[in-house]
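Report on the structure given below.
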2 protein chains.
Amino acid sequence: MTTISAVAKAAGVSVSTVSHVLNKTRYVSPEKVKLVMDTVEAIGYIPNALARSLKLSSTGTIGLAISAISNPYFSDIICAIEAECSKRGLIVFLCDTQDDPDRELELVQHLHQRRVDGIILAASGDPKRSLDYLIESDLPCVLVDRLSDSRFDQVGTDNVAAIRTLVDHLVALRHKRVGIILGQPGFATTVERMNAFRAAMTEKGIEVPDDLISDSNNNTADATASTHRLLELKEPPTAILASNNLTMIGAMRAIRERKLRVPADISVLGIDDFEWADYFEPRLTLMAQPCDEIGRKAADLLIERIGNKRRPCQTVRLSPVLRLRESCGEAA
Amino acid sequence: MTTISAVAKAAGVSVSTVSHVLNKTRYVSPEKVKLVMDTVEAIGYIPNALARSLKLSSTGTIGLAISAISNPYFSDIICAIEAECSKRGLIVFLCDTQDDPDRELELVQHLHQRRVDGIILAASGDPKRSLDYLIESDLPCVLVDRLSDSRFDQVGTDNVAAIRTLVDHLVALRHKRVGIILGQPGFATTVERMNAFRAAMTEKGIEVPDDLISDSNNNTADATASTHRLLELKEPPTAILASNNLTMIGAMRAIRERKLRVPADISVLGIDDFEWADYFEPRLTLMAQPCDEIGRKAADLLIERIGNKRRPCQTVRLSPVLRLRESCGEAA
DNA sequence: CATCGAAACGTTTGCGCAATCGTTTTTTTC
DNA sequence: GAAAAAAACGATTGCGCAAACGTTTCGATG
């Protein structure tokens with residue numbers, strides 16, 4: 001592997017001249033610049049970013065610790081973050097915490113060892129240890145999706161608005177018995193969406209019996225089971241609200257298994273849009289989360305914070321967008 | 001930031017003892033081990049992986065340069081690669097080349113600067129410069145999905161088998177006029193699938209007129225336009241084969257815009273499965289690519305190659321799986 | 001024409017670590 | 001009890017680089 005001093009020797013100049021030419025950190029005569037550049041080209045020199053980072057104590061690297069990178073919602077966020085970072089010359093370490101708090105802490109520490117300039121974290125259900133560690137080690141961090149700690153910058157969807165819009169839509173169609181399929185317990189999003197649902201319904205003067213609220217759905221299979229349970233009630237719901245993309249897939253499976261027609265037999269709607277939702281039946285009415293914006297904003301905030309660790313923290317709630325389709329009808 | 005010598009000073013031992021305790025690289029008496037470990041804990045020492053890598057000239061890092069990380073197909077592969085690497089203590093740099101050969105080369109060089117131990121690349125349409133660079137710099141690399149250069153280890157789907165299975169299915173249903181919506185020209189996958197289609201049809205004694213073959217679909221919108229063109233033919237196809245997930249979405253859009261029923265008016269099938277495909281209409285018959293296996297195998301091969309740069313290259317074709325649903329009917 | 005200052009470049013150090021080489025102390029052996 | 005061997009640890013170097021500090025050269029100035 002060639003080094004800067006190999007270049008210096010080959011060009012007959014000092015290492016500092018080569019360094020300054022490459023980094024444009026001080027004036028070097030045009031002839032020497034050309035000489036150095038030609039030599040770099042000739043011997044195929046590639047700077048060693050490790051040595052550079054060690055010296056500068058800054059790596060131009062950020063860590064992305066996401067609870068489930070295969071979820072399309074997070075995929076979109078990851079994509080936006082990568083794009084934004086790439087634009088700023090940063091590069092991203094991608095890690096999947098698999099929603100495991102132990103693993104999450106390990107990964108955060110691992111990223112710290114690698115001296116990332118900052119971390120973007122989609123926290124697990126029990127993130128306390130990881131978050132405390134981040135605070136103690138003074139590592140810049142922004143939280144995405146699950147917003148649970150005001151000691152950090154945070155970016156997510158305005159869940160209250162999302163749920164309220166959906167409830168408004170249902171109530172306008174005279175639905176009173178609405179079942180909700182929530183996500184994993186412990187997640188800030190689950191709690192927020194549940195509370196927002198209760199609040200929105202109460203506001204409309206509609207009571208929400210506990211048996212229409214189903215949380216603890218950690219995957220599509222759980223959501224399918226929960227939906228079956230809802231539909232077996234003496235007084236089953238006339239509409240089902242799926243609180244994210246996974247629970248929606250699970251709910252639709254149950255509905256299909258029961259050979260129910262949407263929206264004739266039951267209305268369905270939820271949070272998270274699908275790219276194909278316009279072209280397949282039933283065409284689901286959904287609230288699209290602004291994944292691009294979330295990712296971009298998260299990267300922005302992190303870069304700001306890396307620049308100024310003492311800036312006060314912000315919590316940013318971005319607005320979801322209603323995609324009104326045909327999966328909800330009038331209540332019987 | 002604490003260093004190894006701060007630990008040494010605080011513990012009253014030498015830096016080499018601390019180093020050896022942390023890396024278990026030579027015997028140290030139990031008392032000193034405990035002393036060192038306690039001191040590490042007490043002052044919150046976190047090793048600097050940069051300095052370690054600089055010394056060892058190995059980073060435990062691999063680069064992932066993917067042509068479109070938001071595509072669910074690649075998301076799944078990325079997820080599998082990350083999981084496999086994580087298991088082996090490696091960490092992944094994620095980059096999106098956006099199918100741009102210039103950008104691809106830049107990213108490869110950038111990853112090289114950061115001294116990744118190896119690269120997994122989903123090559124762009126014109127990857128020659130990047131690939132030549134990788135060969136010249138002797139950087140371990142494995143190609144995924146688009147297999148175009150036997151100088152590298154390669155992992156992808158058996159596209160011939162995928163297309164043949166689909167064609168068999170269509171021919172069994174007496175289809176003779178089959179339109180195919182191919183992906184971006186230049187991609188190895190596009191070429192392979194086109195040739196496999198021609199071969200499979202010819203084998204069945206069916207002629208394939210050029211106007212039923214539509215390539216140059218770089219996104220869903222192009223695929224929609226191409227599908228419209230196919231359906232406007234004097235003798236339109238009785239079946240449409242979409243060669244990947246993006247073209248499928250585009251094709252379905254066109255079919256919906258024309259208010260055609262699947263499979264009553266037209267049969268549809270393609271490559272790439274969707275998680276929701278069982279629960280929405282039309283329920284598409286698809287060939288699922290083995291994304292998990294591809295990702296895992298790619299990581300395996302890369303790690304092997306990092307261990308032995310002179311090992312001969314392998315090209316691995318993994319078998320796709322037919323998900324037979326109801327989007328194809330008998331030809332009129 | 002001595003002096004000063006600026007222009008252009010070189011020498012060297014230290015970032016934090018692994019591991020080579022070296023030293024001291026203890027144990028074994030005959 | 002002296003020599004050899006083993007056990008346990010320490011001092012130092014070099015990985016490749018940025019940049020602080022130092023040196024040389026040359027034109028400008030009074």
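The sequence lines fix the lettering, A, B, ..., with proteins before strands; numbering per chain opens at 1.
No side-chain heavy atom of B:E304 sits less than 4.5 Å from a side-chain heavy atom of B:N308. With contacts defined as side-chain heavy-atom distances shorter than 4.5 Å, the pair B:L143/B:D153 does not qualify.
Ring centroid separation for the pair B:Y133 and B:H112 comes in under the 6.0 Å cut-off.
In the region residues 27-40 of chain B, proximity to DNA chain C at under 4.0 angstrom, judged on heavy atoms, holds for none of the residues.
Remark: the A:R146 side chain and the A:S124 side chain contain no N/O donor-acceptor pair separated by less than 3.5 Å. Side-chain atoms of A:S16 and A:S19 include no donor-acceptor pair closer than 3.5 Å. The closest side-chain donor-acceptor pair between A:E104 and A:T97, if any, does not fall under 3.5 angstrom. Side-chain atoms of B:S53 and A:R114 include no donor-acceptor pair closer than 3.5 Å.
Looking at heavy-atom distances under 4.0 Å, A:T17 makes contact with sugar-phosphate atoms alone, never a base. Residue B:T3 is classed as a sugar-phosphate contact, given heavy-atom separations below 4.0 Å to backbone atoms only. Counting non-hydrogen atoms under 4.0 angstrom, A:L54 reaches a base of the nucleic acid.
Under 4.0 angstrom from either OP1 or OP2 of C:dC17 there lies no side-chain N or O belonging to B:N48. An OP1 or OP2 oxygen of C:dA19 is reached within less than 4.0 angstrom by no side-chain nitrogen or oxygen of B:S16.
Of the residues near DNA chain C, B:T25 and B:L50, the one whose nearest nucleotide (by heavy atom distance) lies more toward the 5' end is B:L50. Each of B:G12 and A:L56 has a nearest nucleotide on DNA chain D; the 5'-most of these lies closest to B:G12.
In this entry the distance linking NE2 of B:H20 with P of C:dA18 reads 9 Å, nearest Å. C:dG14 atom P lies 19 Å from atom CD1 of B:I4, rounded to whole Å.
Along DNA chain D, the stretch of nucleotides lying under 4.0 Å from any heavy atom of chain B spans, 5' to 3', D:dA8 to D:dG16.
Tested against A:L139, the residues A:I306, A:L134, A:D117 include a single side chain to side chain contact (heavy atoms under 4.5 Å, CB included) partner, A:L134.
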Would you check, one step at a time, whether the test salt bridge (charged side-chain N to carboxylate O under 4.0 Å, His left out) holds for B:D292 with B:K297? CA-CA 8 Å; B:D292 273 22; B:K297 187 69 190 177; over 6 Å; no
